[in-house]
Amino acid sequence: MTVHSFQEHFDSLIDNDIAIEPKDWMPDDYRKTLIRQISQHAHSEIIGMLPEGNWITRAPSLRRKAVLLAKVQDEAGHGLYLYSAAETLGVSRDELYDQLHTGKAKYSSIFNYPTLTWADMGAIGWLVDGAAIMNQVPLCRTSYGPYARAMVRVCKEESFHQRQGFEIMLTLAKGTEVQKKMAQDAFNRWWWPSLMMFGPPDAESPHTEQSVRWRIKRLTNDELRQKFIDVTVEQAKVLGLDVPDKDLKWNEERGHYDFGAINWEEFKNVVKGNGPCNKQRLDTRRKAWEEGQWVRDAAQAHARKRKEKMAKAA
Amino acid sequence: MQSNTNTASPSAAAAEAQLKYTLQLADDALIIGHRLSEWCGHGPILEQDIALTNTALDHLGRARSLYQYAAELFNKLPSEAKNNFFTSIPMQQLIASGNNIGEDNLASLRDGWDYRNALLLEQPNTDWAYTIARSFFYDAFNYLSFKCLSDSPDAVIAAIAAKSLKEATYHLRWSKEWVIRLGDGTEESHMRMQKAVDDLWMYTGELLAPEKTARQNGVDGSALRQPWLDIITEVFSEANIAMPAGTWMQEGGRDGRHTEHLGYILAELQFMQRAYPGMQW
């Protein structure tokens with residue numbers, strides 16, 4: 001087959017909704033885009049362990065502690081399958097870590113915000129995981145097989161996390177005055193960053209068009225954002241919390257909520273590294289990696305010794 | 001079996017002793033679970049981060065079952081015994097109000113001197129070698145003592161121990177493998193493993209200190225000493241780790257006399273329940 005016919009074959013798989021598998025030929029740009037997207041997602045899971053991990057030792061009850069610990073562990077698991085999916089595209093986990101640690105790779109900016117109270121565990125589950133699910137559910141049918149299969153598992157667990165988060169918020173919202181205040185405060189802080197999770201407006205999103213064509217993305221940033229707002233505003237009503245947007249209004253004609261202007265300056269700054277916790281998150285990961293070097297070296301050295309011993313014995 | 005009418009009766013004293021022992025088992029589980037959970041998100045290898053969190057969850061799960069049982073035992077005590085049992089102000093207030101206590105009250109409202117965990121378990125993570133050494137000493141102890149506790153005349157303790165034995169068997173295999181891997185890995189890992197073992201050794205004596213209530217539940221510390229040492233020496237020999245020379249053993253945890261570390265653990269662990277008393281979460 002010529003490159004041209006390889007391309008035709010690839011295009012026909014894409015057009016017929018057939019999964020691309022690791023051994024299939026694929027255009028370089030497709031491979032690069034996927035590595036970027038999957039690894040960003042994997043990094044987001046790993047960095048995302050930190051803001052919630054911040055409350056494990058202080059969870060208000062033993063039950064909440066166990067649930068939170070299990071949740072953060074799930075995120076580690078998601079990171080693991082996503083790194084594995086990325087590895088099928090010919091990049092190693094160590095290379096990807098290196099890109100994260102050197103600041104070359106991006107991760108979801110939302111994790112650069114601090115978790116200040118217990119209510120943040122509720123808000124993250126409800127809003128951040130809720131937004132993540134909106135972004136991710138379409139990816140269960142994405143064109144690249146290993147990614148799609150990883151996403152099926154990720155989404156199942158994420159929807160569980162989202163319900164747990166909502167349940168934390170509901171408990172607070174039904175609780176004492178100070179608990180309600182805690183819930184509202186967390187909602188105020190996480191609402192706008194959650195809307196930013198869908199990425200820049202379509203008109204300014206450099207990757208959207210090609211990615212939709214490749215079924216790496218299936219809905220645009222603005223479509224997903226609107227869907228999230230419509231669903232979440234109704235949930236906020238159940239909680240009795242005020243959406244921190246004075247311009248929020250139901251638009252009968254559009255059948256959607258209109259909402260206020262998003263502060264894209266803030267978004268750009270957080271992406272650039274100026275968020276409240278960018279430095280802290282990356283430093284924490286780098287420290288864990290550097291301090292773990294001797295452990296990884298020891299594990300390798302021991303495995304080598306064991307192999308040699310077995311070879312001698314054989 | 002049990003009489004709740006007279007605090008001075010032998011059976012009431014036995015109920016209190018059984019409660020204390022249950023709390024001791026629960027505190028061990030909670031405190032090691034707390035320490036291991038501090039690794040979550042900071043592990044040296046992603047797979048090990050997950051494994052360690054699993055273990056933390058096992059310990060935490062056991063702590064919960066034991067605290068729930070301890071609360072049940074406590075709530076059945078005669079009121080005079082209840083009033084004198086715990087010394088912290090919020091706990092005394094709760095008891096004076098006539099309410100039953102629950103698992104979270106036991107974890108969050110007791111002061112350090114009412115915590116009965118072994119000193120070993122509150123020692124800081126320090127590095128991966130310390131974490132492994134601490135777990136290894138404890139896992140070997142758990143593995144042996146849960147075997148005995150599975151036959152405890154107390155059916156609840158026996159059931160919890162039987163479930164925990166399966167977990168402890170796995171935990172011991174994991175920590176054992178890591179002692180060997182680090183001991184027989186690189187020069188640096190060997191040095192770190194040896195140092196961790198040497199530094200923590202003085203806290204191991206307390207685990208097997210003979211104690212009457214433990215014996216009544218089937219755990220005879222002095223009888224377990226040799227089997228415990230056998231596990232340790234076998235693994236150390238495979239790991240090229242020298243047996244620590246020190247013979248002096250620290251104790252006090254079982255009587256509520258702790259190292260400085262416990263206070264900081266409790267400051268975090270109890271913060272929410274103490275700062276926002278009496279709320280549902």
Side-chain angles (χ1 to χ4, degrees), chain A residues 42 45-66 68-70 72-77 79-80 83 93 97 117-118 168 171-172 174-176 178-179 182 284-285 287-306, chain B residues 30 33-50 52-54 56-57 60-61 63-64 67-68 102-104 106-108 127-129 132 177-178 180-190 192-193 239 265 267-273 275-276 278-281:
Chain A
E45 298 285 354
I46 300 307
I47 296 276
M49 294 171 75
L50 302 175
E52 288 176 286
N54 185 36
W55 278 87
I56 290 171
T57 57
R58 291 178 295 167
S61 71
L62 297 177
R63 182 176 79 90
R64 291 291 185 202
K65 189 191 290 288
L68 181 61
L69 195 51
V72 181
Q73 187 195 30
D74 281 348
E75 284 158 11
L80 199 56
Y83 283 127
R93 206 200 295 180
Y97 277 152
T117 74
W118 169 251
I168 290 177
T171 307
L172 295 174
K174 287 197 307 195
T176 60
V178 68
Q179 286 175 305
M182 215 182 257
T284 304
R285 279 313 312 169
K287 181 168 177 272
W289 184 248
E290 282 160 16
E291 288 180 356
Q293 189 61 51
W294 71 269
V295 179
R296 294 189 297 278
D297 290 345
Q300 272 184 0
H302 180 73
R304 211 166 36 238
K305 283 186 193 172
R306 190 171 273 192
Chain B
L30 180 63
H34 182 99
R35 279 297 188 215
L36 295 183
S37 79
E38 291 174 342
W39 272 105
C40 185
H42 307 273
I45 302 168
L46 189 51
E47 284 83 346
Q48 296 307 324
D49 201 306
I50 295 172
L52 204 54
T53 305
N54 249 338
L57 279 165
L60 185 55
R64 292 192 62 196
Y67 282 131
Q68 286 161 13
E103 54 169 335
D104 286 314
L106 287 169
S108 296
D127 69 4
W128 190 250
I132 295 297
E177 278 169 8
W178 269 106
I180 295 167
R181 212 172 269 138
L182 297 183
D184 186 29
T186 62
E187 207 175 308
E188 179 178 9
S189 71
H190 174 80
R192 284 180 186 255
M193 194 67 233
I265 292 179
E268 285 189 33
L269 182 83
Q270 303 187 331
F271 156 62
M272 288 293 289
Q273 293 273 349
Y276 305 97
M279 296 181 201
Q280 298 301 312
W281 299 96

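Values in this document were obtained by computation on a predicted structure and should not be read as measured data. Only heavy atoms go into these numbers, but all of them, side chains included; no hydrogens, no water, no symmetry mates.
- Only the side chain of B/Asp49 comes within less than 4.5 Å of a heavy atom of chain A; its backbone N, CA, C and O stay farther away.
- Among A/Ser61, A/Ala303, A/Gly79, the residue with the largest count of heavy-atom pairs under 4.5 Å with chain B is A/Ser61.
- Contact of A/Leu50 with chain B is made through the side chain alone, with heavy-atom distances under 4.5 Å.
- For A/Ile47, no part lies near chain B; criterion is any non-hydrogen pair under 4.5 Å.
- Taking the charged nitrogens against the carboxylate oxygens, B/Glu47 and A/Arg93 do have a contact shorter than 4.0 Å, which makes a salt bridge.
- The number of heavy atoms from other shown groups lying within 6.0 Å of NZ (A/Lys174) does not exceed 12.
- Interface remark: A/Glu75 contributes no atoms to any contact with chain B (heavy atom separation under 4.5 Å).
- In this structure, A/Trp55 and B/Phe271 have tilted ring planes: the angle between them lies in the 30° to 60° band.
- In this structure, the portions of A/Arg63 lying under 4.5 Å from any heavy atom of chain B include both its backbone and its side chain.
- When heavy atoms are compared at a cutoff of 4.5 Å, A/Leu80 approaches chain B by way of both its backbone and its side chain.
- For A/Thr176, the part sitting under 4.5 Å from any heavy atom of chain B is the side chain, from C-beta outward, and nothing else.
- Ranked by heavy-atom pairs under 4.5 Å with chain A, the list B/Thr53, B/Asp184, B/Leu60 is led by B/Asp184.
- For A/Gln293, the CD atom is densely surrounded, since the number of other residues' heavy atoms within 6.0 Å is greater than 12.
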